[in-house]
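The structure appears below as structure tokens.
If you read the sequence from its start, that first residue is 1, and numbering goes on from there.
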Amino acid sequence: MLEFPDSTSVTMKGNTAKSLNFTEPIMINHATDIDFDFTLTELTEVHSICIITDTDRRRYHHRYHCFTPAGTQAWHNDKDLLPKTEVGETRHYHYPVGMYVPEGEAFYLVFLQDNDSSDRSTGECTFSNIEFTTRPALKMDILGVETPFFNQQFAYGHHQDTSTNLMQVEQAGNKITLEGNLWKAFAFENPITITDDTILSFTLNVEEYAEIVGICVDEDLVYADQDAKSRCFKLAGDQRVHLGRIIYRGIKETDLTEEKTYHIKLSEYFTGVMDYVAFIHDEDRGDRSGGISHFSNIRFYEKEPSCLSTKSFNFGFSECTTENFVDMIEGEMDKVSGCNGIDPWGELISLFGVNSDSEVTDKIARICDSAYASKRMAFNEMMGENEKQFVNEFFDGGNIWNYEVDEAGESNLAQDAARIEVVSDKFGSKTNIDFPDVHNFEGCKLRAAMCCYPAKRNGGQRSDPPDNSNACYMDFTKARQSSHVRDGYSIYNGDGNEGALNCHGFAWGNDAGYGDAAFKGNTLFEVAMKKGISENGYVGHLPGAPMCGCVENMPVVTSADCTKTTVSQSVSIKYTPGNQFVAEATISNINHSNCGDLSSYYETLVGNQKASRREKDLLDKHVVGNCGPALTDFLGTKGF
């Protein structure tokens with residue numbers, strides 16, 4: 001029996017199979033979805049809603065187009081909707097019925113509650129708020145023409161796809177969202193030819209990591225044929241191994257919470273006629289629902305010859321970042337009629353003769369770095385120690401500056417390290433100091449460094465430094481060249497059993513042209529040389545750890561003080577056809593100031609989009625606040 005509690009609801013009681021005809025037939029296509037709410041009051045064998053695309057309403061008996069949110073029996077031709085609704089629950093379902101119902105007119109909606117038990121009056125459920133919708137088209141710019149892609153999503157790859165999990169296209173059509181595991185493709189209405197000059201551009205935002213996030217341009221729906229080159233680019237994701245044939249070298253990945261715009265010259269990797277653009281959102285962990293990514297502003301365009309290469313121009317700014325550089329190039333393009341309609345990134349790809357935005361960024365970084373060539377001093381040279389070993393040993397916590405104490409008539413730090421104050425006075429405020437070329441500072445993937453001191457030298461003896469941190473543990477594998485052992489670790493209880501410990505760090509932004517990044521060598525000199533040893537006499541290192549280094553190579557500690565660097569400067573860029581780009585920096589002042597604690601300061605970098613949320617999460621594994629969880633996690637990796 002059917003009942004109609006209101007104009008939007010249908011209730012079934014007992015064994016029931018009833019059809020309702022549409023006032024006008026509705027059109028079903030591959031982009032058709034159904035939404036409804038389902039309430040289960042009493043469970044029976046089958047609770048289904050069915051679509052009939054035949055004028056003969058008895059067609060539902062074949063059960064080919066039924067969708068089942070609850071029931072005790074499984075019918076192999078039905079589409080089970082998951083998760084199943086339990087008694088007393090109301091669930092909302094959204095399902096791509098166009099993937100399973102034949103294209104064409106639908107004439108009837110059937111409500112089926114099957115109960116073949118001895119008491120066929122049992123069983124009750126309600127379908128409500130039933131709505132058929134058509135997924136919006138995905139819009140891409142194809143050679144300057146906004147082109148809608150019919151929202152039929154094809155499974156792509158070697159059985160990797162979760163078939164009913166679809167990408168969500170926003171109503172305006174310019175943005176597409178991927179959640180959970182899916183490998184899906186859209187078909188070009190007219191195949192696109194990848195020439196020597198075709199560039200693929202898009203913006204990617206990663207809200208939550210999947211294992212692999214990628215985009216592909218392919219002639220078929222087969223991922224990386226055995227004898228063919230991959231057509232896919234890895235853009236993000238926390239899977240670093242077993243990547244197969246996907247292209248990842250030379251592609252700078254988007255980090256968690258970041259938004260990055262890509263420009264990739266496809267002919268560097270493949271050419272030919274392509275029929276599909278595909279999206280990879282690989283997530284095989286748990287229930288495969290993890291990961292959220294957003295693609296927008298997808299474009300295919302042909303690279304034009306440079307419109308600025310024969311011009312002469314100049315511009316300037318206070319920080320030579322990629323963003324500022326590209327903005328200035330766009331401003332110069334606005335002055336040249338031949339540049340109309342050309343993307344500034346595409347112009348720089350042509351002007352630099354490179355193949356991607358990553359290479360453009362690298363070129364800009366080198367130009368910006370050259371601005372300091374005449375105002376730079378190498379760290380080793382500045383310290384008056386041409387041997388790299390002296391500086392290396394110092395940052396490891398060795399050499400005479402760390403081992404000696406100040407005794408009457410003998411070693412004296414003020415004399416031994418007098419050069420520190422001389423350098424600070426003469427060069428500290430207007431010279432760019434290079435980051436030292438020593439193992440302690442190789443990599444610094446989190447763009448943060450730290451010194452941790454367990455001792456202080458003064459008055460003829462060693463004493464304790466001001467205690468501002470507690471050690472949790474040191475993993476010797478993180479600093480093998482400092483510890484001189486292959487493996488091992490030291491464990492502390494997090495309550496200060498290592499004695500007094502003073503940690504002081506600094507961090508810099510994610511563009512080499514930011515002042516704090518370009519002058520990170522100056523900040524290191526301020527923290528380790530001027531404040532650390534010269535003014536305060538802080539020395540030494542925890543067993544197996546360097547005294548100073550990238551945070552990921554240092555002991556895991558509860559906290560660290562923080563110094564930040566701000567620079568008053570102007571950077572001028574001059575371009576001429578003969579000399580290309582020439583950069584020159586004028587440094588007015590370099591200022592170092594207290595920025596509280598390192599963890600909190602890093603949070604401000606995230607807020608200013610100079611670091612990513614994922615990077616902050618990783619920093620929090622090194623400067624942890626509380627040793628308990630960190631020790632538990634680390635000891636778990638050792639089998640405890």
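Residue pairs satisfying the side-chain hydrogen bond (donor to acceptor under 3.5 Å, both in side chains) criterion with at least one member in residues 5-14, sequence neighbours excluded, are listed as follows: Glu3-Lys13, Asp6-Thr8, Asp6-Ser9, Thr11-Thr126. Among residue pairs with one or both ends in residues 166-176, none qualify as side-chain hydrogen bond (donor to acceptor under 3.5 Å, both in side chains); sequence neighbours excluded.
Residues Gln153 and Asn151 have side chains that bring a donor and an acceptor to within less than 3.5 angstrom of each other. Asp597 and Ser559 share no side-chain donor-acceptor pair at under 3.5 Å. Side chain to side chain, Thr122 and Asn115 meet the donor-acceptor criterion of an N or O pair below 3.5 Å.
A salt bridge links Glu253 with Lys234: the closest approach of a Lys/Arg side-chain nitrogen to an acidic carboxylate oxygen falls below 4.0 angstrom.
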Going through the distances and angles, do Thr195 and Glu302 end up as a side-chain hydrogen bond (donor to acceptor under 3.5 Å, both in side chains)? CA-CA 8 Å; Thr195 71; Glu302 292 295 297; 2.6 Å; yes
The test is ring-ring contact (aromatic ring centres under 6.0 Å, His included); show your working for Phe38 and Phe67 and say whether it passes. CA-CA 12 Å; Phe38 177 75; Phe67 305 91; over 10 Å; no
What do the steps show when you test Phe186 against Phe150 for ring-ring contact (aromatic ring centres under 6.0 Å, His included), and what is the final call? CA-CA 8 Å; Phe186 287 89; Phe150 178 63; 9.3 Å; no
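The two residues Tyr492 and Ala471 have their closest heavy-atom pair at CB-O, 3.2 Å. Of all heavy-atom pairs spanning Tyr156 and Ala185, the tightest one is CB-CB, 4.3 Å. Leu20 approaches Phe111 most closely through the heavy-atom pair CD1-CE1, 3.6 Å.
In this structure, Lys260 forms a cation-pi arrangement with Tyr262, its terminal cationic atom sitting closer than 6.0 Å to the ring centre and no more than 45° off the ring axis.
For an aromatic pair to be called close, the ring centres must be under 6.0 Å apart, and Phe127 with Phe36 satisfies this. When ring centroids are compared, Phe279 and Phe295 come within the 6.0 Å threshold.
Within a 6.0 Å radius of NE2 in His92, other residues, nucleotides and ligands contribute more than 12 heavy atoms.
Here the OG1-CE distance, from Thr193 to Met274, works out to 9.0 Å after rounding to the nearest 0.5 Å.
When the disulfide bond (SG atoms under 2.5 Å apart) test is applied to Cys472, the partners found at least two apart in sequence or on another chain are Cys627.
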